[in-house]
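Below is one structure, written out as structure tokens, with a few remarks after it.
Throughout, a chain's letter reflects where its sequence line sits, starting with A, and its residues are numbered from 1. These figures come from a predicted structure and were not determined experimentally.
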Amino acid sequence: MKRVTVQQALTGRVEVGETLEIQGWLRTRRDSKAGLSFLALHDGSCFDAIQGVVQNDLPNYETDVMKLTSACSLRIRGELVESQGKGQSVEIQVQELEVIGWVDDPETYPMSPKRHTMEHLREHAHLRPRTNIGGAVTRVRHTLAQAAHRFFHENGFYWIHTPIITASDAEGAGEMFRVSTLDLANLPRTESGEVDFSQDFFGREAHLTVSGQLNVECYCSALSKVYTFGPTFRAENSNTSRHLAEFWMIEPEIAFADLSDNADLAEEFLKYLFRSLLDERPDDMAFFAKWVDKTCVDRLETFIDASFERMEYTEAVRILEKKSKKAKFEFPVSYGVDLQSEHERYLTEKLVGRPVVVVNYPKDIKAFYMRLNDDGETVAAMDVLAPGIGEIIGGSQREERLEVLDARIAAMGLDPTDYGWYRDLRRYGTVPHSGFGLGFERTIQYCTGIENIRDVIPFPRTPRNADF
RNA sequence: UCCUCGGUAGCUCAAUGGUAGAGCAAUCGGCUGUUAACCGAUUGGUUGGGGGUUCAAGUCCCUCCCGAGGAGCCA
């Protein structure tokens with residue numbers, strides 16, 4: 001008797017005629033008064049459920065089988081046989097069935113065997129992985145994460161575990177969540193009446209990280225090719241289908257590399273991810289193509305075959321200005337202002353029809369650490385824009401020249417003493433280096449066509465919502 | 001945070017200011033191998049909370065809460 005997963009049973013690990021044992025959850029039960037019932041059993045190991053056929057002479061047919069409802073957990077033993085029906089090649093002729101867990105009050109079980117809205121699934125995030133779409137998203141997410149690590153490993157990158165808690169108070173990538181053990185009802189005060197963080201756990205203010213970039217630059221300046229892959233936190237009050245308060249970001253950083261190398265890396269990396277996904281999860285991708293977004297598989301294949309579209313910011317603005325009347329933009333476009341969502345969408349969706357890299361933005365709309373170009377006006381920044389999502393990657397060549405970095409820090413009104421260790425990288429053997437941040441959830445959205453980012457992470461954290 | 005649209009049965013949605021309905025799910029019965037099975041019946045409601053207008057409010061007004069789409073911020 002082999003105990004196997006549904007995936008193993010369906011893919012030849014068990015020969016027809018062998019007996020096997022499978023454990024899982026019931027998706028549906030269909031009865032035929034020919035004296036048999038059909039059970040669809042899933043265990044998450046693959047998209048498909050396996051069909052168990054139960055004859056009514058089973059000792060517990062009336063007492064157990066006829067009472068089964070969706071989501072009951074079961075252990076079945078039986079023979080793997082070729083199916084007499086359509087829709088599956090093999091099925092299990094059940095010889096023994098054991099109910100492990102019943103469903104309490106089936107009428108109110110939230111994942112009843114019918115179609116549900118994404119909002120409903122989200123409100124039951126603890127049960128959502130049992131659904132077709134919940135399972136498919138989970139496997140796709142895993143596959144993309146594994147592919148990311150594999151890509152970097154195979155290309156000589158080292159994975160750096162950058163800190164979740166940071167006392168760097170000037171990363172400048174958005175609002176931060178405070179980390180503190182102070183008693184909120186009884187805050188220690190300094191003589192001038194301000195909160196005395198010297199009495200806090202770290203002896204100073206601390207927050208959850210908004211990016212591992214500054215930390216990973218340190219390791220880049222020693223191990224040459226590195227990356228982080230971990231959770232990041234933004235306390236922005238963003239209520240959109242593209243933002244989470246807690247999300248996962250992949251941030252590679254490469255030494256002796258300019259912006260063009262950076263864009264090459266982004267392109268090669270994304271293609272590797274998409275190729276892996278199509279190769280490894282055809283079952284789940286077929287489901288998304290059928291029920292969620294008919295174009296998702298084609299989109300990935302096109303991306304893999306095509307070269308990245310690259311465009312200068314100046315060029316992008318020129319095109320947008322030319323098209324602004326026809327496209328009826330709500331906001332005007334001109335050199336020196338950041339592109340609005342509608343402009344980004346126009347570029348990637350209408351003009352190019354696939355992801356596009358916009359490079360060399362005006363320095364005033366970008367971060368202090370981005371490398372100043374020779375024109376003195378722009379910085380070596382890049383944004384990868386994807387149809388339906390907008391910015392999926394943000395990156396840049398970093399400023400490696402200490403005096404230029406200091407001038408930028410000063411010009412932006414930042415305090416150089418906050419950047420002591422970061423400046424040291426430029427003092428001791430500085431090198432040109434580049435990197436980017438890829439929003440992991442946005443990548444999953446792009447691959448699956450799922451519209452709301454809250455549906456591609458197990459337990460989404462958003463303003464006013466940290467349930468589960 | 002701003003704009004727009006929503007909140008009615010377990011779920012998805014109907015309902016001129018005048019008796020709250022349907023489909024699915026669930027339960028029961030029928031059906032000779034089903035595939036989101038099918039056919040019949042039954043059960044199922046404090047219409048998001050609070051306040052107001054009215055003879056009468058799911059429906060109109062005020063307010064709060066929650067959700068979605070878009071914007072800003074960004075990945």
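The distance between atom CG of A:Asn239 and atom C1' of B:G69, rounded to the nearest whole Å, is 12 Å. Between the NE2 atom of A:His343 and the C1' atom of B:G72 there is a distance of 14 Å, rounded to whole Å. Between the P atom of B:U27 and the NZ atom of A:Lys67 lies a distance of 11 Å, rounded to the nearest Å. Computed from coordinates, the A:Arg464 CZ to B:G48 P distance equals 20 Å when rounded to whole Å.
In this structure, A:Asn452 reaches the B:G69 phosphate: one of its side-chain N or O atoms is under 4.0 Å from OP1 or OP2. Phosphate proximity of B:A68 to A:Arg122: present, with a side-chain N or O under 4.0 Å from OP1 or OP2. OP1 and OP2 of B:U34 both lie 4.0 Å or more from every side-chain N or O belonging to A:Arg30. Remark: A:Arg242 is in phosphate contact with B:A71, judged by side-chain N or O atoms under 4.0 Å from OP1 or OP2. At the phosphate of B:C73, neither OP1 nor OP2 sits under 4.0 Å from any side-chain N or O atom of A:Ser238. Between A:Thr28 and B:A37 there is a side-chain N or O to OP1 or OP2 distance below 4.0 Å.
When the P atom is compared between B:C11 and B:G29, the two are found 27 Å apart, to the nearest whole Å. For the C1' atoms, the distance linking B:C65 with B:A36 amounts to 35 Å, nearest Å. A distance of about 24 Å separates the C1' atoms of B:C2 and B:C61, rounded to the whole Å. For the C1' atoms, the distance from B:G18 to B:A57 is 10 Å, rounded to whole Å. Distance check on atom P: B:G21 versus B:U16 gives 14 Å, rounded to whole Å. Separating the P atom of B:U59 from that of B:U54 is a span of 16 Å, rounded to the nearest Å.
Residues A:Tyr227 and A:Tyr158 place their aromatic rings such that the two centres sit no closer than 6.0 Å. The aromatic ring centroids of A:Phe468 and A:His126 lie less than 6.0 Å from each other. Centroid-to-centroid, the aromatic rings of A:Tyr369 and A:Tyr422 stay 6.0 Å apart or farther. Close placement of the A:His124 and A:His120 rings is indicated, their centers lying within 6.0 Å of each other.
Within the nucleic acid shown, A:Ile389 has no heavy atom closer than 4.0 Å to any nucleic acid atom. Across all strands, A:Arg454 comes closer than 4.0 Å only to sugar-phosphate atoms, never to a base (heavy-atom distances). Within 4.0 Å (heavy atoms only), A:Gln340 reaches sugar-phosphate atoms of the nucleic acid but no base atom. Counting any heavy atom pair closer than 4.0 Å across all strands shown, A:Glu119 reaches sugar-phosphate atoms only and no base atom. Residue A:Glu342 is classed as having no contact, given no heavy-atom separation below 4.0 Å to the nucleic acid. Counting non-hydrogen atoms under 4.0 angstrom, A:Ser241 reaches the backbone sugars and phosphates but no base. Among the protein residues, A:Glu246 comes within range of no part of the nucleic acid, since none of its heavy atoms lies under 4.0 Å from any strand. Across all strands shown, A:Leu36 has heavy atoms under 4.0 Å from base atoms, whether or not it also approaches the sugar-phosphate. Among the protein residues, A:Gly85 comes within range of the nucleic acid bases, having at least one heavy atom under 4.0 Å from a base atom. A:Thr443 comes within contact range of no nucleotide atom at all, as no heavy-atom separation falls under 4.0 Å. Looking at heavy-atom distances under 4.0 Å, A:Asp31 makes contact with a base.
Pairing for B:A15 is absent, with no Watson-Crick or G-U wobble pair whose two atom distances lie under 3.5 Å.
A:Phe440 pairs in a ring-ring contact (aromatic ring centres under 6.0 Å, His included) with only one of the listed residues (A:Phe247, A:Phe229, A:Trp248), which is A:Phe229.
Mapping A:Arg442 and A:Pro463 onto RNA chain B via the closest heavy atom, the residue that lands nearer the 5' end is A:Pro463. Mapping A:Thr462 and A:Pro110 onto RNA chain B by nearest heavy atom places A:Pro110 at the nucleotide closer to the 5' end.
Judged by distance alone, with hydrogens and angles left aside, the side-chain atoms of A:Arg234 form a donor-acceptor pair with the main-chain N or O of A:Val210 at under 3.5 Å.
Between A:Arg150 and A:Tyr272, the closest heavy-atom pair is NE-OH, 2.9 Å.
Remark: ring of A:Phe440 does not overlap the six-membered base ring of B:A75 in a stacked fashion, as centroids less than 5.5 Å apart with planes less than 30° apart are not both met.
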